[in-house]
Amino acid sequence: MRRKKVIYSLLMLAGLGFLLVATLYKPQDRDPKDGFTAHRLVAHAMGGIDGLTYSNTYEAFAANYEKGIRVFEADLLLSKDNKLIARHEWGESFTVMLGQEEVMDPGTHGAVWTYEEFKNAKVMGRYEPLGWEDILDLMEQYPDMYLITDTKQIEPEEIDQIFTLITEAAEQKNPELLKRIVPQIYYQSMWDAIEAIYPFDSVIFTLYQTHDSDESIVEFAKEKGIAAITMSETRANAGLVASLNELGIPSYVHTINDREQVLKFKRMGVYGFYTDFLEEKDVESSGWLQYLGL
């Protein structure tokens, strides 16, 4: 009789423990979405490769596509001759970081390069830099790939020039590609500037350059039908995420490479993550098992 009571007590404790975990843990488990938001991960700067970040190269794309990632962010800049290329920034330290200093003349390490110079300077001596036409070729070759723009020049005249190039090249190659190109805007008025060039199906609002209040962001996202909001670890907070979730607008946090951080933000209600090295399986495992460390 006593043994039965002990077993009953243990079962009760186990049930209470499970109930506590289920109550405390609030994963953002949504119904499957359409478009890029069907995926929880975004490969930052085309994803990391061999421990290297910010490469924006073909090999980085191929390695991360092979891991199952389907949404890619590319840093986009104008070259010296006004061609659109995938590079995070100009500067000597960045050239050295990408291992390009030996193939470029010393006087050019901190300069803005021409398109030809950019294409000839392989990253780490072996990875292929991508121009915008190269990215469009990849999108045509891989019809389940989505491309999020991270335009590093954001003055109004630069935005007009960059998104005109983006749109015209895509329309010339295959207008259907525009459905899988997702502009990322940095301030609210950028919406109108891009809309005047082309009405993209989906737009992301990234918060790292804006000082708008949470309330203003939520209202803007609701009014414009923003597809997703992405924010830094420091900008993410439960109130903002909850307000967006009520509108059905997924939140992404950047740039996350640690599964513990994934769990932390999933408990907050965050849906997805920009990452260099994580795989889809790192964010899709059962929430309560993760919470228990299993």
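The figures here come from the full heavy-atom set of this structure, side chains too, leaving out hydrogens, waters and symmetry mates.
- Judged by distance alone, the side chain of Ser216 and the main-chain N or O of Ser213 form no donor-acceptor pair under 3.5 Å.
- When all heavy atoms of Leu76 and Ala86 are compared, the closest pair comes out as CD2-CA, 4.2 Å.
- Annotation for Ala60 and Gly47: closest pair CB-O, 3.3 Å, computed over non-hydrogen atoms.
- Under a hydrophobic clustering in which Ile, Leu, Val, Met, Phe, Trp and Tyr are joined whenever their side-chain heavy atoms come within less than 4.5 Å, directly or via other members, Ile197 and Leu78 fall into the same cluster.
- In this structure, Glu140 places its CD atom where more than 12 heavy-atom neighbours from other residues, nucleotides or ligands lie under 6.0 Å away.
- Two residues are said to be in side-chain contact when any heavy atoms from C-beta on lie closer than 4.5 Å; Tyr142 and Phe72 fail this criterion.
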Is there a side chain to side chain contact (heavy atoms under 4.5 Å, CB included) between Ser55 and Ile49? Walk through the geometry before answering.
CA-CA 8 Å; Ser55 78; Ile49 182 169; 4.1 Å; yes

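- Ion pairing of Arg40 with Asp282 is absent here, as no side-chain N (NZ or NE/NH1/NH2) approaches a carboxylate O to less than 4.0 Å.
- Across all non-hydrogen atoms, the minimal contact from Ala193 to Ile159 is CB-CG2, 4.4 Å.
- Look at Glu280 and Lys67 and you find no salt bridge, because none of the NZ, NE, NH1 or NH2 atoms lies under 4.0 Å from a carboxylate O.
- How far CD of Glu171 is from OG1 of Thr167: 6.0 Å, rounded to the nearest 0.5 Å.
- Criterion: ILVMFWY side-chain heavy atoms under 4.5 Å apart, direct or through other members. Under it, Leu177 and Ile135 are part of a common hydrophobic cluster.
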One pair to check against side chain to side chain contact (heavy atoms under 4.5 Å, CB included): Tyr208 and Met231. What are the steps and the verdict?
CA-CA 6 Å; Tyr208 75 89; Met231 61 196 85; over 6 Å; no

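- With hydrogens and angles ignored, the 3.5 Å screen pairs a side-chain donor or acceptor of Tyr186 with a backbone N or O of Thr151.
- For the pair Val203 and Ile226, the minimum side-chain heavy-atom distance is below 4.5 Å.
- Using a 4.5 Å heavy-atom threshold, the side chains of Lys173 and Glu133 count as touching.
- Using a 3.5 Å distance cut-off with no hydrogens or angles, the side chains of Thr234 and Ser232 do pair a donor with an acceptor.
- The shortest non-hydrogen separation linking Met46 to Asn64 is O-ND2, 3.5 Å.
- Residues Ser189 and Tyr187 share a closest heavy-atom pair of OG-CD1, 3.1 Å.
- Counting non-hydrogen atoms of neighbouring residues, nucleotides and ligands closer than 6.0 angstrom, the CD atom of Glu157 exceeds 12 such neighbours.
- Counting only distance, with no hydrogens or angles, the side chain of Tyr271 and the backbone of Thr37 share a donor-acceptor pair below 3.5 Å.
- Within the model, atoms CG of Leu52 and OG1 of Thr57 stand 7.5 Å from one another, a figure rounded to the nearest 0.5 Å.
- Glu89 places no side-chain N or O within 3.5 Å of a backbone atom of Phe94 that could act as its donor or acceptor partner.
- In this structure, Asn56 and Leu130 have side chains that are not in contact, with every pair of non-hydrogen atoms separated by 4.5 Å or more.
- Counting heavy atoms from C-beta on, the side chains of Lys83 and Trp132 never come closer than 4.5 Å.
- Tyr58 and Phe61 have tilted rings, their planes meeting at an angle from 30° to 60° on a 0 to 90° scale.
- Note: Phe36 CZ to Asp144 CG = 15.5 Å, rounded to the nearest 0.5 Å.
- In terms of modelled atom types and a separation under 3.5 Å, the side chain of His39 and the main chain of Ile69 share no donor-acceptor contact.
- The shortest side-chain heavy-atom distance between Ile204 and Tyr252 does not fall under the 4.5 Å cut-off.
- Side chains of Thr114 and Lys80 form a contact here, defined as non-hydrogen atoms less than 4.5 Å apart.
- Remark: the backbone N or O of Ile229 is not paired with any side-chain donor or acceptor of Ser251 at under 3.5 angstrom.
- Grouping the Ile, Leu, Val, Met, Phe, Trp and Tyr side chains by contacts below 4.5 angstrom, directly or via other members, places Val96 apart from Val103.
- Counting only distance, with no hydrogens or angles, the side chain of Thr95 and the backbone of His109 share a donor-acceptor pair below 3.5 Å.
- If you take CE on Met124 and CE on Met97, they are separated by 9.0 Å, rounding to the nearest 0.5 Å.
- Exactly one residue among Leu178, Asn174, Leu147 makes a side chain to side chain contact (heavy atoms under 4.5 Å, CB included) with Met139. That residue is Leu147.
- Under the 3.5 Å distance criterion, the side-chain polar atoms of Asn237 are matched with a main-chain donor or acceptor of Gly239.
- Met145 and Phe273 fall within a single hydrophobic cluster, where Ile, Leu, Val, Met, Phe, Trp and Tyr side chains are chained together by heavy-atom contacts under 4.5 Å.
- A distance-only check finds no donor-acceptor pair linking the side chain of Lys152 to the backbone of Arg87 [under 3.5 Å].
- Rounded to the nearest 0.5 angstrom, Lys122 NZ and Leu98 CG are separated by 15.0 Å.
- Within a 6.0 Å sphere centred on NZ of Lys224, heavy atoms belonging to other residues, nucleotides or ligands number more than 12.
- Between Phe220 and Trp191, the ring planes are perpendicular. Angles over 60° get that label, and only those under 30° would be called parallel.
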Step-by-step side chain to side chain contact (heavy atoms under 4.5 Å, CB included) determination, Asp134 to Lys119:
CA-CA 11 Å; Asp134 300 321; Lys119 288 292 289 180; 2.6 Å; yes

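- In this structure, His254 and Val42 have side chains that are not in contact, with every pair of non-hydrogen atoms separated by 4.5 Å or more.
- Contact check on Lys281 versus Glu284 returns no salt bridge, with no Lys/Arg side-chain nitrogen under 4.0 Å from an Asp/Glu carboxylate oxygen.
- Ile154 is not connected to Ile85 by any chain of hydrophobic side-chain contacts under 4.5 Å among Ile, Leu, Val, Met, Phe, Trp and Tyr, and they are in different clusters.
- Heavy atoms of other residues, nucleotides or ligands lying less than 6.0 angstrom from CD of Gln209 number more than 12.
- Nearest heavy atom pair, residue Ile256 against residue Leu278, reads O-CD1, 3.5 Å.
- The line from CG of Asp160 to CG of Leu165 is 9.5 Å long, rounded to the nearest 0.5 Å.
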Quick one, Glu176 with Lys179, criterion salt bridge (charged side-chain N to carboxylate O under 4.0 Å, His left out). Give me CA distance, side-chain angles, the key distance, then yes/no.
CA-CA 6 Å; Glu176 288 296 305; Lys179 295 179 180 179; 3.0 Å; yes

List the steps, then state whether side chain to side chain contact (heavy atoms under 4.5 Å, CB included) holds for Val182 with Phe200.
CA-CA 7 Å; Val182 184; Phe200 289 89; over 6 Å; no

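- Between the Asp212 side chain and the Ile217 main chain, no donor and acceptor come within less than 3.5 Å of each other.
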